[in-house]
Asks: 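Below you will find the structure I want to go over with you.
Here is how names work: the chains are called A, B, and so on, in the same order as the sequence lines, proteins then strands, and each is numbered from 1. Hydrogens, waters and symmetry mates are skipped; everything else that's a heavy atom, side chains included, is used.
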Amino acid sequence: MSEPRRITSEDLALFAMQLLPPEEMAEVAAYVEQSEDARRELAEIQGDLAAYAHTVDMQSPSAQARERLMKQVAREKKAIPIDRPVEAADSSVGSEGVAATEGFGRGAGSIYSSEEELPKRGFAGKVVPWVGWAVAAGLSLVAGDLYKQRETLRSAVTEQASRIDQLTADEAAARQVLDAMTDSTAQRVTLNVKGAPPAVPQGRATYVASKGTLIFTATNLAPLQPSKTYELWLIPAAGQNPIAAGTFRPDARGNASVILPPLPKGVEAKAFGVTVEDEGGATTPTLPIILVGAAG
Amino acid sequence: MYRETGLVNSPPPSGQDDAALLALVQRGDEYAMAALFDRYSKIVYSVALRVLRDPAAAEDVLQEVFMQIWRNPDGFVATRGSLGGWLAVVSRNRSIDALRRKRPTESVDDIALASNYNLADEAERNSLMEKAREVITLLPVEQRKTLEMAFFDGLTHSEIAEMTGDPLGTVKTRIRSALTSLRKAFPA
């Protein structure tokens, strides 16, 4: 028969970090259960490990992590224990009964032996004492229901408030992007290779067909007569007629943009083009096409 | 009649101690739960992130550890020591389990922990961090590296011995010595 292995504080440290093989973990666990000194030493080691854990570089979890936790907490709302008035009523009645019995000079339990000896009570006398308890029980149920409703509403309000905050933040960011793109005072700079020939009119369209989202910017456009306007056209890949995607006039420096014009969703683009039309725009493009670009 | 639920409808004061917050959590107080999260989420997340090196996985551990408190606040009793320390160790153990892709060890959270620090207090928490970091940087490199491999990387002493070429006994002694140095820095 082999001698049991001596458990050292080194073993306890490895045990605390769960780094021993399963059979050794079991062996040390059994030893710790038996030995008060081992338990004390193990607690010290856990304290050392807790201190060591605090040497880690501190990082904050995302705000969503907190939101996620609180949502889960709300989902797993605890049932707050409530007293049970019906039981309380039973016990009260019991003790009152005993007191009444004693008042009539009888031994405990004799109240049930001869009902005839008790003072007679009419129907109202029998029912009225229970009405209070029934009302209390009813109120308790109503209160319970109201509490549940209030908690549900509170949880919903918290969730909605959080959602509103998020949407507000998203909206503010989107608004800022749009403002920057449409602001007439914004500086628009086209970068070219140094020494390149003078820039020619140029347009850049960014289009998401599935959402019907289009952002178009143009630079170096020639000025137009007051009665004319530039018009952007989406040329569908499926061969339908060109779709008008908004009119625009360049500013004094030849810059212009069309941001999120109303377009049908799901129309794949073959190309985009820009024409000059009469003020107010046209339903079909008028040649010549000033700018054209095939969708990649 | 509903029992008095204390601060159920109002946020608990930030200075409330852990035991009081846990008592409120036991009664279903979500504000108390949020207060505990605000107090300790950083250390729980940081430890998990150090072990797992993956923010999403670390947030999963964070969620799991705090939901455990919500579901079973009795799982930690004050006699076991500091809640902050307990959470840090539990976060490490859960993360190692996740790293090994195994189910949480059943007894993993049954940790009694001796600590002289009141980690509910932010100043004390910061002081512990600074002091512990200082001790660790002063350790011999081999001790520091060995403890790191064991605690944060979850490598067994055999694995560490294999990787470093050191004898098993040396690895065990280094871990123990590093922890002893830490303990000496925090006298009872």
Asks: Near A/Glu171 CD, under 6.0 Å, is it more than 12 heavy atoms from other residues, nucleotides or ligands?
Replies: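 Buried by this count: over 12 neighbours within 6.0 Å.
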
Asks: What part of B/Phe66 lies closer than 4.5 angstrom to a heavy atom of chain A: side chain, backbone, both or neither?
Replies: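 Both backbone and side chain.
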
Asks: Considering residues, nucleotides and ligands other than B/Met163, do more than 12 of their heavy atoms fall under 6.0 Å from its CE?
Replies: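 Check fails, neighbour count at 12 or below.
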
Asks: Could you look at B/Ser177 and say if it's the side chain, the backbone, both or neither that has a heavy atom under 4.5 Å from chain A?
Replies: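 It is neither, since no heavy atom gets under 4.5 Å.
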
Asks: Which heavy atom of B/Arg71 sits nearest to which heavy atom of A/Gln72, and what is that distance?
Replies: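 Closest pair (atom of B/Arg71, atom of A/Gln72, distance): NH2-NE2, 3.9 Å.
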
Asks: Examine whether an atom of B/Leu179 lies under 4.5 Å from a heavy atom of chain A, and if so say whether it belongs to the side chain, the backbone or both; otherwise answer neither.
Replies: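 Contact with chain A involves both backbone and side-chain atoms of B/Leu179.
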
Asks: Does atom CG of A/Asp57 have more than 12 heavy-atom neighbours, drawn from other residues, nucleotides or ligands, at distances under 6.0 Å?
Replies: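 No - once you tally the heavy atoms of other residues, nucleotides and ligands closer than 6.0 Å, there are 12 at most.
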
Asks: Using modelled atom types and a 3.5 Å cut-off, is there a donor and acceptor pairing between side-chain atoms of B/Ser46 and backbone atoms of A/Gln59?
Replies: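 A pair under 3.5 Å: yes.
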
Asks: Can you list the residues of residues 55-63 of chain B that sit under 4.5 Å from chain A, counting heavy atoms only?
Replies: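 When heavy atoms of chain A are the reference, residues 55-63 of chain B contributes B/Glu59, B/Asp60, B/Leu62, B/Gln63 within the under-4.5 Å range.
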
Asks: Minimum heavy-atom separation for A/Ala13 and B/Ile175, please, with both atom names.
Replies: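 Closest heavy-atom pair between A/Ala13 and B/Ile175: CB-CG2, 4.4 Å.
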
Asks: Other residues, nucleotides and ligands only: do more than 12 of their heavy atoms fall within 6.0 Å of CD on A/Glu268?
Replies: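 No, the 6.0 Å shell around CD holds no more than 12 heavy atoms from other groups.
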
Asks: Assess whether a salt bridge exists between A/Glu41 and B/Arg183, defined as any Lys/Arg side-chain N lying under 4.0 Å from an Asp/Glu carboxylate O.
Replies: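 Between B/Arg183 and A/Glu41 there is a salt bridge, with a charged N closer than 4.0 Å to a carboxylate O.
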
Asks: When rounded to the nearest 0.5 angstrom, what is the spacing between CE in A/Met17 and CD1 in B/Ile96?
Replies: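 It is 10.0 Å, given to the nearest 0.5 Å.
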
Asks: Any idea which of B/Thr180, B/Val135, B/Leu155 has the most non-hydrogen atom pairs under 4.5 angstrom with chain A?
Replies: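 Most pairs with chain A among the choices: B/Leu155.
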
Asks: What part of B/Ile43 is in contact with chain A, defined as an atom under 4.5 angstrom from a non-hydrogen atom: side chain, backbone, both or neither?
Replies: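 Contact with chain A involves both backbone and side-chain atoms of B/Ile43.
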
Asks: Quick one: does any side-chain atom of B/Trp70 pair with a main-chain N or O of A/Glu76 as donor and acceptor, under 3.5 Å?
Replies: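 Looks like yes, one N/O pair under 3.5 Å.
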
Asks: Please work out which of the three classes, parallel, tilted or perpendicular, describes the rings of B/Phe152 and A/Tyr52, given edges at 30° and 60°.
Replies: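 A/Tyr52 vs B/Phe152 ring planes: tilted.
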
Asks: Using a heavy-atom distance cut-off of less than 4.5 Å, which residues of residues 137-148 of chain B contact chain A?
Replies: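 Those residues of residues 137-148 of chain B which have a heavy atom under 4.5 Å from chain A are B/Arg144, B/Leu147, B/Glu148.
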
Asks: Would B/Arg133 and A/Thr55 count as having a side-chain donor-acceptor pair, cut-off 3.5 Å?
Replies: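 There is no such pair (donor and acceptor under 3.5 Å, judged by atom type) between the side chains of B/Arg133 and A/Thr55.
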
